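Down below is the structure, laid out as structure tokens.
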Amino acid sequence: MSYFINVILPIPITKEFTYQVNKDEAAFLQKGMRVAVQFGKTKVYAALVSSVHNNPPEVYEAKEIEHILDEAPIVTAHQLQLWQWMADYYMCAVGEVMRAALPSAFLLESETIVKRNNLDDADEADLKDDEFLVFEALQHQSLLRINEIIAIVGKKSVLPLIKRLIDKGIVTVEEEIYEQYKPKLIRYVKIHPNYKEEIALRNLIDEMSRAPKQREVLLRLFSLQAKSTKPVTVKELTKVANTTTSVIKSLIDKEVLEEYHLQKDRVEYSGEPNTSIKQLNSYQQQAFDEIKSHFENDKVTLLHGVTSSGKTEIYVRLIKEVIEAGRQVLYLLPEIALTTQLITRLQSYFGDQLSVYHSKYSVNERVEVWNNVKEDKNKARVIIGARSAIFLPFVNLGLVVIDEEHESSYKQYDPAPRYHSRDTAIVLANQHKAKVLLGSATPSVETYHNSVQNKFGLVSLTRRHGNVLMPDINLIDIKEKYRKKQMTGHFSDTLLGAIEEVLKEGEQVMLFQNRRGYSPVVECTTCGHSPQCPNCDVSLTYHNFKNQLRCHYCGHHIAMLLQCMACGSADLSTKGFGTEQIEKELLALFPDHSIGRMDQDTTRGKHGYEKIIDKFEQHQIDILIGTQMLAKGLDFRNVSLVGVMNADNLLNFPDFRAHERSFQLLQQVSGRSGRTQKRGKVWIQTYNPYHQILQQVTTYDYEGMYKDQIEERRQYKYPPFYRLIKITGRHKDYNKTILATNWVFTALKNSFGDQVLGPEFPPIPRIRNQYNRNILLKIPQGQSLQKTKAVVKKIETTFSSIKDFSGVRLIINVDFY
Ligand code: ADP
Ligand code: ZN
Ligand code: ZN
């Protein structure tokens, strides 16, 4: 009798591979354990066992496995089922799902780079001979490739050895290591409590007439503190009093001033929950009860609650009940980087029962969370994570909360699996018979449709907590303003006036400038030429700070030109405007205020976001200008004005969801304003103040927006009435791309007729020297999805066997929107 196993390899092959094992191994191995196998001539992988059986493969001779890597399965049967569902639904290989799902420490393979850990506490005596060899080699160099390790220990099968070294904490595998975020402590000063009484203070000032420098500092601080309650940093005081830190230090030593430090600890958490869960207000309580009754009927439920209505407080209540019943909770967020505020808040409720799972965390941290979830540890009762957290090995899932369900970042575009995390999470919850709550102030049209159709439960919250009014949103007609010459740069007099007023009150301003397709482009005023990226079909964007021209698609950059590349004229002008230019204008308009910018350029560093958010929160920034990042659920107490520099380019984006997305984005940025007592203001500058969507934004008419949009979708055959599959042909040769996509188009047309659209180049046909050409397949309700996909798969298979098209990639994206 021979024994075999089928394994999943973390590569894009559609079939499982069969390897031979001996009788003992067959008895030991279980589904979900890893084995080291050789694949192809030279490659080694950690593959995952999917079945143990006695059937030899028909078309090839099964190789033997190299080693067994695990003592117990690292992946559950539920997970394998979910992977298979994803592979079928999103039309990719299970191996691709595996690669996305497993923390990279589990994905040992020949390309892996092994890195030295902090070796101080390694116990040499504890090491086996081959382990010691690697340990010693790592004293001399910090990185080793698996191939080098093979040479060092003189045998091929080193994966088990590396696994042992990882388990012993001697090595980690190469990856961007996430450093824990340690915010800088910021030094503030205030007048020492000794001089709290006005008389004492006056005496002091008199006494100090012999020390004019110190006196000046004191007077300045006094006037700063009188103006607002905003804490004063040493840095700021040094500047306004035109003095040095040593003068301030001497005042601190004399106990005239007192220094203190503020910091917000964001990532790390130690200790007990320190906040008791808030009492729900009556509207929230009602929403909570309604959610529970939908849950009793096992319905996925949508909580449609306006910004700042306290959706989070309701989630917290539900989570508490579920963890008290001993079950696990998954809390999905669109982007972790932007939600450190929320994490801090949840940690204060759930203490160390909460774990964060995030691709930026180190390998070890991720493996730890993985194992805690699999072992159903108390530490991992509530998991908060971005889209990939659906891959965790839940064993006892009771509730999935999907916050900001409308966010497009729940969809993974590249690489495969091109999955939607919200939709997959619903499948995951079904496996576990867990409840699902979707939350948003601006639900996606398809989710709202599901609620209207009674497929999902619908619960609404229409008031902000504490009777705070929704911000007052108004439009500014900038065409009119330009005509009347009431514009300064890109600011209308109305917006400028509003900013001045808010700053006078000591409050903060957020300005929103969507940069997409609206960046400053350099244009020759003589011949009209604009410099283009050599790799992509786009104009280069001017970056003032580095005086460079950059491509936003591939990163190509050159120094700013002195003369036109085409005609040599030195007369170059910049057209369009981005966040950087707004910042520059603001600096000139408000020289006495600090201005911050939040966009892809300023948040690039590892903790870029946190730093800016911290600064804004601590009121070291008065005006924050940013791209759509600003829209994402941030909660600042002191912002009373939001300005949108230009709403039009959002609306004109060529996509069937452009109007829906514009509504969501504008409503979300508006929601950052006036989250406490005072009613917030929002000013939106536009050339089209009568645009239907903008009217709906100002009146908070979500229903109206939904009705218009769903009607359009029905009329033009878009989701949720039709399902969409996008098929993209990609190659570096223009003609080959055209021929290949024409072939695919014809093949699809033969099966699906008018349901196939295209082929068509996207607005930017070439990116990183690769041409893309798209075909769209629209699948009506009632047509079998499974059969349709089978036909597409078959066409794909035939396509890949055609010699003329070799090298052309076909990218299939199901529900691509
Ligand atoms: P949303 O998630 O709907 O935007 P949040 O849950 O962030 O709203 O609530 C907005 C603010 O109101 C938060 O600062 C929150 O602490 C506060 N808040 C909401 N509900 C309550 C409540 N029942 N009691 C006290 N504070 C509340
Ligand atoms: Zn020119
Ligand atoms: Zn480029």
Side-chain angles (χ1 to χ4, degrees), residues 275-288 291 302-320 331 333-334 338-349 384 401-407 437-443 459-471 519 521 530-541 543 548-558 617 631-639 664 667-678 680 700 702 732 763-772:
T275 312
S276 54
I277 287 176
K278 296 189 173 77
Q279 186 80 31
L280 296 183
N281 68 38
S282 61
Y283 308 101
Q284 291 166 342
Q285 185 61 47
Q286 194 186 339
F288 177 82
I291 293 168
L302 168 66
L303 174 59
H304 178 204
V306 297
T307 52
S308 213
S309 55
K311 294 185 288 299
T312 318
E313 300 301 332
I314 295 177
Y315 305 153
V316 164
R317 273 305 203 68
L318 291 164
I319 293 169
K320 187 164 171 267
Y331 190 132
L333 283 168
L338 293 168
T339 42
T340 44
Q341 282 184 328
L342 179 68
I343 294 172
T344 314
R345 185 160 152 200
L346 294 179
Q347 275 168 333
S348 77
Y349 289 139
I384 183 163
V401 174
I402 306 170
D403 199 4
E404 310 286 359
E405 71 77 35
H406 64 278
E407 276 287 337
L437 183 66
L438 308 170
S440 176
T442 52
V459 175
S460 303
L461 258 182
T462 52
R463 291 165 196 257
R464 286 188 153 185
H465 173 68
N467 290 324
V468 178
L469 289 172
M470 294 305 289
S519 322
V521 169
S530 338
Q532 303 286 307
C533 175
N535 312 320
C536 314
D537 290 331
V538 289
S539 300
L540 295 173
T541 301
H543 283 238
Q548 276 181 342
L549 295 172
R550 300 190 72 98
C551 170
H552 285 179
Y553 291 86
C554 72
H556 174 83
H557 53 92
I558 53 173
E617 207 164 51
K632 314 235 160 138
L634 296 170
D635 187 13
F636 297 111
R637 318 309 304 160
N638 197 34
V639 174
Q664 288 163 340
Q667 206 90 107
Q668 295 283 348
V669 270
S670 300
R672 303 311 117 212
S673 178
R675 290 175 76 89
T676 36
Q677 289 91 35
K678 210 167 133 180
Y700 293 93
Y702 178 84
K732 64 178 188 303
I764 301 168
R766 190 179 49 129
I767 291 176
R768 298 168 207 263
N769 275 325
Q770 300 276 329
Y771 287 94
N772 293 293

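In each ligand, atom 1 is the first atom listed, and ligand 1 is the first ligand listed. This structure is a prediction, so every number in the text was calculated from the model and none was measured.
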Exercise. Charged N to carboxylate O under 4.0 angstrom, E404 versus K311?
Worked result: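 No, E404 and K311 are not salt-bridged.
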Expected list for residues 461-470: side-chain donor-acceptor pairs under 3.5 angstrom, two or more places apart:
unit_1 : atom_1 : unit_2 : atom_2 : d
R463   : NE     : Y283   : OH     : 3.4
R463   : NH1    : Y283   : OH     : 3.4
R464   : NE     : T307   : O      : 3.0
R464   : NH1    : S673   : O      : 3.2
R464   : NH1    : G674   : O      : 2.7
R464   : NH2    : T307   : OG1    : 3.0
R464   : NH2    : G671   : O      : 3.1
H465   : ND1    : N281   : ND2    : 3.0

For this session: Apply salt bridge (charged side-chain N to carboxylate O under 4.0 Å, His left out) to K320 and list each qualifying residue two or more places apart in sequence or on a separate chain.
Result: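 E324.
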Problem set entry | Within the 4.0 Å heavy-atom sphere of ligand 1, strictly under, residues |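 Lining ligand 1 at under 4.0 Å, by heavy atoms, one finds K278, Q279, L280, N281, Q284, V306, T307, S308, S309, G310, K311, T312, E313, R345, H465, D635, R637, R675.
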Taking [Y]'s backbone N and O only, do any of them form a donor-acceptor pair with [X]'s side chain (distance below 3.5 Å, no angle check)?
X	Y	result
Y315	D403	no
R766	P534	yes
Y700	P471	yes
Q285	Q279	no

For this session: Give the total of protein N/O/S atoms at a distance below 2.8 Å from the Zn ion (ligand 3).
Result: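 With waters ignored, the protein N/O/S count below 2.8 Å is 4.
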Exercise. Do S440 and H406 have side-chain N/O donor and acceptor atoms under 3.5 Å apart?
Worked result: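 There is such a pair (donor and acceptor under 3.5 Å, judged by atom type) between the side chains of S440 and H406.
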Exercise. Between Y349 and E313, is any side-chain donor less than 3.5 angstrom from a side-chain acceptor?
Worked result: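 Side-chain D/A pair, Y349 to E313: present.
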